[in-house]
Each structure stands twice: as structure tokens, then as C-alpha cells.
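Written below as C-alpha cells is the structure these notes are about.
The basis for the numbers below is simple: all heavy atoms, side chains too, and nothing from hydrogens, waters or symmetry mates. What you see is a predicted model; the values in this text were computed from it and never measured. A note on names: the letters A, B, ... follow the listed sequences, proteins ahead of strands, and every chain is numbered from 1.
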2 protein chains.
Amino acid sequence: MIKSSYVFLHCSTRVVTALRAFAAGGPAAQPLYIEVKNRITRSLIAGEWQPGAAIPSESRLAQQFKVSVGTIRKAIDQLVAEKIVVRQQGRGTFVSIHTEDRQFYYFFHIVSRDGGKEPPTHELLSLQTVKADVQTAAQLGIRQGERLHRVHNVLKLAGNPVIFDELRVAAARFTDLNASSFGARDGTIYGLYQARYGINVVRISERLSAALPSARVARVLGVDRGTPLLVIKRVAYTYHDEPVELRTSWVNTRDHEYLSDLWKSEPR
Amino acid sequence: MIKSSYVFLHCSTRVVTALRAFAAGGPAAQPLYIEVKNRITRSLIAGEWQPGAAIPSESRLAQQFKVSVGTIRKAIDQLVAEKIVVRQQGRGTFVSIHTEDRQFYYFFHIVSRDGGKEPPTHELLSLQTVKADVQTAAQLGIRQGERLHRVHNVLKLAGNPVIFDELRVAAARFTDLNASSFGARDGTIYGLYQARYGINVVRISERLSAALPSARVARVLGVDRGTPLLVIKRVAYTYHDEPVELRTSWVNTRDHEYLSDLWKSEPR
DNA sequence: TTCGATTTGTTCGTATGTATT
DNA sequence: TAATACATACGAACAAATCGA
């Protein structure tokens, strides 16, 4: 049996809330750990820590921000829950990257009807630069008439074309996007955004419906025009809910389905 | 400026892990707060605290389980994340109920194309008792040939039929399920399960595809048989991932879409 | 309306366990 | 082995919301 005794002299000098409100000079009145979370997020946006790299340790951040480790912990807890960073015991806390399987499948929901998830292969069909119409501009938070890159893409599973994709991104954000950079990428498209343009997709919102294919989509997917397809309209967001990509996917659901698993706080 | 001084005599006698492993008499070796979470979940399953009722306060649970409040807090944090309970500052912690809007829309993903969520109205079409085929039995965790209730239902939004539903549940679990109890319910179907059968649906998994309607579905939804529909196959689970209901929905996506918002840890 | 008791929310700090390097 | 980093657990104090006397 191990026993130990300590004597503390604890001088509590806490007028924290008042001090914080004063320091902020504003009516903020939000919890300290939220402010800490926002400051960390701002550093992430500024590119202070690159994807895959470790952010400073909890104790170091506690010193920098002059708060307790517990408060840092609670701030990072939220970033972990939003999958913006990942923790590894004994190693550190790392900015999420899109090259890892888990991260990838978090954004890819098409699975084989018999359960298995297969690695897809991509094929670029076309890459154009067009002007944004009013609706697209509104969704991307840009002005009508600004330039867009529009990419058409086909995605094959087990060798067969299953998904026809149309991506639209603001050309201003993705300056030198071209067919070769697109084709030469190692991993996922979001991995490319992250590695080449410093844009981290951290959340997506999707709207699904059923529709018949256009002639082109039918041809690419090898189905006739009476075959019902699953249509997925996706908006991808970076930090602070800023939209960065619009994507419409047409999916042949003969052998595949869209999996929406709501939801499991993955147990350890 | 407020100042205060304290003197602690801290006698640390912690061989906690060893003690716990010994007390449990097993190879558990899992964190204390996970054990606490499981004990609370077991009480929930046992119906010890009814939906809508408060569970004991954190300090009381800490006394009962002989752990610190912080450990209770961490256990309840997880139950909150899984939406099994909800916390209210100054009031207590309550078992989730399915009559509340937020809880409802957590399981209902059909929205109008122009954004708004409308309250749906239900209409019961039929309620039969049939024998489970091998696949249905496997999915529900029962034996082939056991009795099922099969319910057909139409769901209207803004007065128009939009969704055709087929539900299947084990008759053994839902003994006296009949048309009148089904029609007389106040709120949602899961609210009925909860109030009348003590079964809490806490998670669902859905697989989506596109298909053409059968003659019956087309007739009920008022579309022709060439109209592509969104097909949703859902499994609803109660505590510990036990499946309790299978549901297939056929959705007319002319004016509505399926919203998959992945995902936002709702800010406060 | 005020006050006090109760309950969750936030913040601090310490000690120790466990994984990584 | 030692240092570092996250994980778990404990405990305390105060803030904020709620509710009944």
C-alpha cells in the first residue's frame, strides 16, 4: 500500500469572469474554453500548424493562454469531436489529414449492398472554368459572375463506373487547379485541397433525392435513361462553416447504397 | 479583489486501478467512467428511471457509486453525446423523450427543397401480423418464423402524400400493438414505443438508394410508375445496439429531399 | 418579490496511469 | 531508462439557472 501526504498553500485569486470580460473589452460572456477553442481554430486557419503536424502540448498551451490544463483539454475535446484534430496518447495532438482511411470514409458514404467498403478509383472527365450563376454564387459565398472551376469526374468501384461527380469551386481559392494537378494527386480530393491549397474541409452537408439521368450521365455510368439514380448535392465547409466546394453526385444504386449511420459516438 | 487561502492535507491512497480490477474480479481494465456509464445505462434499460424523469443528481450518483463528481460527469457526458439523456442547468439530468421537437427531427430527415421543415401528418394504411423470413429475422435478432407486426403507413407533408412507410417489429416485443393504439398516439411512432412499450430508440442506421415504385406505392403517393423514388431502409436500435424496428420508406423527392448534415457538434 | 437550497456549468489544480519516443 | 504527452481520477470553489418557501 502506497501512501503519500502533501501540504498545499492554495492562494485562490479568481475574479476570472470579470477579468476576462474586461480583457476582451466586449460583452462576450462566453466560457473560457470556447474562447480558447476559437483561438486555436484561428491558428489552424492561419496555417500556423500544418495538417499532420502536432499542435503544442496541452501543458504548453495552458502556459501560453494562461489557463489551466483542464480548460485546454475541454477546448480540444470539442475540436476532437468535430474531427478537426486527433489525439494520440503519448504522442500529441495532430491536425487532421484527409489521407487517412477513417477521415476519408467519414466523407464517403457509398458502400456495397453486401456491406464491404471498397477503395474507389477516380477518372477525370473534364475541367472547365465558367462564370458563377446567381445561385451557385450564393451557395459558395462569392459574387455572381466570379470564375468557377467545374470538374467532371467518374468514380469506379470494383472496376465499374458507379458515380458521376460534378464539382464546383471558386477559382479565386484554387488558383492553379488544372487537370494535371488533379490527376497527379496521391489521395482524395480533399487531401489535394489540403496539401496544395491549404484548405481543410471539416464538415459536409448533403441533400439526397432520386432522379433519372441525363444522356451524358447515363452514357458514362452505362445505364439506360429510365434507370433511377441517387442524386447527392453536397456542400463542403472549412473552419467556421465557410463553404468551399459544391458537389453533385449521380449514383447508380444497383449494387451500392448510401450509408447514413446516425449515430455512434465510437466507443473505445 | 477577493483573496482566500486554504490549507489542504491531502492523503492520497490510490491504488485505484488495481482495486477496481480486483473488485470486479475480472479482466475488465476499462476506465472507471465507462463502468459508471454502463451501470447507468443498465438502470435505464431496467426502467428504473422513466423517460422524461430526472435521474439522480451528479453528487448523489457520486455518493452511490463512490466515485468523484468529475467521473460521474464524464460518464454522463457520453450519454448526453449519444442523446440518451439531456442536461438542464439548475434542474437536473433527464431521460430523453421522443415527444420533443429536437429529438424528433434527429430521426426525421426529410425536408422541403426550399428549406423549411414542416410537421408531417400520418395515416395508417394497414397493420398485419406475419412470420419473419430468414433475412428479416437476422436483422431483428429473432428466429425465422417468429411473428412480426407489419405496418403500412403514409406520411403527408403540407397535405400531400410524400412518404410510404413499411415498418416491421417483433410481435413479442410489441404485444398488443394494434390499429387503434397506433392511430391514437399523441406524438411520433418512437414516442409510442417509448410510452407504451418502454422501448427507447436511441440510434438509427439508414441505407439509401433510388428505385421505381411498385404499383401500390405509386398509387398511394399519386405518381406514375416511371417516377424515381428515394428508398430508405432503416434499422432502429435501442440501448446496447439492439435492433428493434426495420423500416423501409419510399419518398417522392419532387418537392422534398433527405438532409444528411454531417456534422455539427451543436454550438451553444 | 426575495431568499435560500439544489443542480448543472465552468475553472482551477494535483496526482497518477499509460503510451510513445 | 528517462522525458514527454495524453488519459484518468480526485477534489474544490464559484457561477448561473431553477424552484419553492
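Distance CG (B:Asp77) to C1' (C:dT8): 11 Å, rounded to an integer number of Å. Rounded to an integer number of Å, the gap from A:Ile72 CD1 to C:dT10 P is 16 Å. Going from atom CD of B:Gln78 over to atom C1' of D:dA7 covers 13 Å, rounded to whole Å. Taking atom NZ of residue B:Lys66 and atom P of nucleotide D:dA9, one finds them 17 Å apart after rounding to whole Å. A:Leu32 has its CG atom 15 Å from the P atom of D:dA15, to the nearest Å. Residue A:Glu35 contributes atom CD, which lies 13 Å from atom P of C:dT10 at whole-angstrom precision. Here the C1' atom of nucleotide C:dG9 and the CZ atom of B:Arg87 are 9 Å apart, to the nearest Å. Between the CZ atom of B:Phe94 and the P atom of D:dT18 there is a distance of 11 Å, given to the nearest Å.
Between the side chains of B:Thr238 and B:Asn200, not a single donor N or O lies within less than 3.5 Å of an accepting N or O.
In terms of phosphate contacts, A:Tyr33 brings no side-chain nitrogen or oxygen within less than 4.0 Å of OP1 or OP2 of C:dT11. Note on B:Lys74: every side-chain N or O is 4.0 Å or more away from OP1 and OP2 of D:dA9. Side-chain N/O atoms of B:Thr71 include one lying less than 4.0 angstrom from OP1 or OP2 on D:dC10.
Applying the side chain to side chain contact (heavy atoms under 4.5 Å, CB included) rule to A:Val86 yields the partners A:Phe94, A:Ser96; only residues at least two apart in sequence or on another chain are considered. A:Ser59 is linked by a side-chain hydrogen bond (donor to acceptor under 3.5 Å, both in side chains) to A:Ser57, counting only residues two or more places apart in sequence or in another chain. Shown here are the side chain to side chain contact (heavy atoms under 4.5 Å, CB included) partners of A:Ala195, two or more places apart in sequence or in another chain: there are none. Listed by chain and residue number, A:Arg196, A:Tyr197 satisfy the side chain to side chain contact (heavy atoms under 4.5 Å, CB included) test with A:Asp176 (two or more places apart in sequence, or in another chain). In this view, B:Glu242 and B:Arg173 satisfy the salt bridge (Lys or Arg N to Asp or Glu O under 4.0 Å) rule, not counting sequence neighbours. Judged as a side chain to side chain contact (heavy atoms under 4.5 Å, CB included), and not counting sequence neighbours, the contacts of B:Thr188 are B:His98, B:Phe104, B:Tyr190. Partners of B:Arg113 under the salt bridge (Lys or Arg N to Asp or Glu O under 4.0 Å) rule, at least two apart in sequence or in another chain, are B:Glu257.
Residue A:Pro31 has its side chain nearest to C:dT10 when only D:dC6, C:dT10, D:dC10 are considered. Considering only the side chain of A:Ser68, C:dC12 comes nearest among C:dT10, D:dA7, C:dC12. In this structure, of C:dC12, C:dT8, C:dT10, it is C:dT8 that holds the atom nearest to the side chain of B:Thr93. Distances from the side chain of B:Gln89 to the nucleotides D:dA17, C:dC12, D:dC6 place D:dA17 closest. Between C:dT11, C:dT8, D:dA9, one nucleotide has an atom nearer to the side chain of B:Arg73 than all others, and that is C:dT8.
Across all strands, A:Gly70 comes closer than 4.0 Å to no nucleic acid atom at all (heavy-atom distances). Looking at heavy-atom distances under 4.0 Å, B:Val69 makes no contact with the nucleic acid at all.
A salt bridge is defined here as a Lys NZ or Arg NE, NH1 or NH2 lying under 4.0 Å from an Asp or Glu carboxylate O, and A:Asp261 with B:Arg203 meets this definition.
Across all strands shown, C:dT1 forms no Watson-Crick or G-U wobble pair with both key distances under 3.5 Å.
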Protein-nucleic acid N or O pairs under 3.5 Å, nucleotides 19-21 of chain D:
unit_1: D:dC19; atom_1: OP1; unit_2: B:Arg91; atom_2: NH1; d: 3.1

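Side-chain atoms of B:Leu259 and A:Ser205, non-hydrogen and from C-beta on, do get closer than 4.5 Å to each other.
Residues from residues 46-60 of chain B placing a heavy atom under 4.0 Å of any atom in DNA chain C, listed by number, are B:Ser57, B:Glu58, B:Arg60.
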